Amino acid sequence: MDQQNSFKDTIKAVHRILMTAFAFVGIVAVLLIFVMIDPDMSSLKLNPGGEYVVVEEVDEDRIVDGIHEASGLIDAEGLMTVVNNCTNCHSAKIIIQNRMNEERWAATIDWMQETQNLWDLGGNEEIIIQYLVKNYPPKKVGRRAALTNIDWYELK
Ligand code: HEC
């Protein structure tokens, strides 16, 4: 009985060793085939064929013709304070399209603080308001703009 058991154990051990060896050989074979088909392992790379998509780097601070390119805001004192506090929730376009006097800019900021979760701006509030009134004051409405490009037609 004992002998039979130890014979069984031996068979089991040999079987295990063989299976391990087969598995090992199998893995090596798969790897070899893989290397033969794709020697430079390009299929493992994210960008097969080496065609790189060139993403144009946006320089966050670039000023072109007096305009902060990334936001479209006028380059002036306080610009970065405005960019850092006022372009998080909406685009700067909403600022550019709105021209107001000091009082109304302050009121708009108060409104956002009360209803839109705009944070306390601390000492930056004055910098921001000054930037806004200087660069985005109300449009002067007075004399209408001169007409240009008029298509005159002859009376018959
Ligand atoms: C916490 C988010 C948040 C921040 C930061 C923020 N705003 Fe706003 N703001 C809003 C929301 C929300 C609206 C409403 C947007 C809409 O109507 O589509 C808004 C609207 C506006 C408007 C339009 C107001 C109107 O009457 O239509 C202006 C101008 C404006 N924001 C300027 C600013 C300025 C200047 C700053 C920097 C001090 C700023 N925002 C920062 C959330 C924010």
Side-chain angles (χ1 to χ4, degrees), residues 16-17 19-156:
R16 206 179 300 131
I17 290 167
M19 290 316 279
T20 311
F22 276 133
F24 185 72
V25 169
I27 290 168
V28 170
V30 168
L31 283 177
L32 271 176
I33 291 167
F34 185 84
V35 171
M36 276 161 64
I37 294 171
D38 188 6
D40 58 1
M41 307 251 167
S42 59
S43 60
L44 291 183
K45 290 173 193 153
L46 283 175
N47 200 344
E51 281 169 37
Y52 291 96
V53 182
V54 178
V55 179
E56 199 187 331
E57 250 182 69
V58 178
D59 177 358
E60 288 296 322
D61 296 334
R62 191 161 59 188
I63 306 292
V64 179
D65 295 333
I67 299 290
H68 177 239
E69 197 177 45
S71 65
L73 289 165
I74 294 169
D75 176 32
E77 199 183 323
L79 167 71
M80 287 324 286
T81 312
V82 173
V83 169
N84 291 333
N85 289 285
C86 306
T87 58
N88 317 64
C89 305
H90 47 65
S91 114
K93 278 195 194 117
I94 203 165
I95 299 171
I96 296 164
Q97 288 163 353
N98 278 276
R99 298 177 145 266
M100 308 181 211
N101 61 23
E102 186 165 346
E103 218 170 48
R104 287 198 45 224
W105 274 120
T108 303
I109 290 175
D110 285 348
W111 169 78
M112 275 179 290
Q113 285 172 328
E114 278 158 26
T115 63
Q116 310 297 339
N117 286 328
L118 171 59
W119 45 87
D120 180 17
L121 295 164
N124 284 334
E125 180 155 345
E126 194 48 32
I127 298 172
I128 291 169
I129 290 176
Q130 285 314 310
Y131 170 91
L132 293 169
V133 247
K134 278 185 194 141
N135 299 289
Y136 300 99
K139 275 225 174 77
K140 297 237 176 353
V141 280
R143 240 185 121 232
R144 65 160 170 77
L147 297 174
T148 54
N149 289 329
I150 300 167
D151 238 351
W152 295 107
Y153 55 90
E154 274 184 43
L155 290 172
K156 297 202 170 122

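Whatever order the structure lists them in is the order used to number ligands and atoms, beginning at 1. On a predicted model such as this, the values are computed, not experimentally measured, just so you know.
In plain terms, the two heavy atoms of Val133 and Trp105 that are nearest each other are N-CD1, 4.0 Å.
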Give a table of atom pairs where an N or O of ligand 1 lies under 3.5 Å from a protein N or O.
from	atom 1	to	atom 2	distance (Å)
ligand 1	7 (N)	His90	NE2	2.8
ligand 1	9 (N)	His90	NE2	2.9
ligand 1	31 (N)	His90	NE2	2.8
ligand 1	40 (N)	His90	NE2	2.7

Check: residues 112-124 side-chain donor-acceptor pairs under 3.5 Å, at least two apart:
from	atom 1	to	atom 2	distance (Å)
Gln113	NE2	Trp119	O	3.0
Thr115	OG1	Trp111	O	2.7
Thr115	OG1	Trp111	NE1	3.4
Trp119	NE1	Asn85	OD1	3.0
Asp120	OD1	Gly122	N	3.2

Validation: residues 89-98 side-chain donor-acceptor distances under 3.5 Å, sequence neighbours left out:
from	atom 1	to	atom 2	distance (Å)
Ser91	OG	Lys93	N	2.8
Asn98	ND2	Ile94	O	2.6

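Remark: Ile27 engages Leu31 in a side chain to side chain contact (heavy atoms under 4.5 Å, CB included) (not counting sequence neighbours).
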Set out, in order, the CA-CA distance, both residues' side-chain angles and the distance that settles side-chain contact (heavy atoms from CB on, under 4.5 Å) for Ile67 and Leu73, then state yes or no.
CA-CA 6 Å; Ile67 299 290; Leu73 289 165; over 6 Å; no
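Remark: Arg104 CZ is loosely packed, at most 12 non-hydrogen atoms of other residues, nucleotides or ligands lying under 6.0 Å away.
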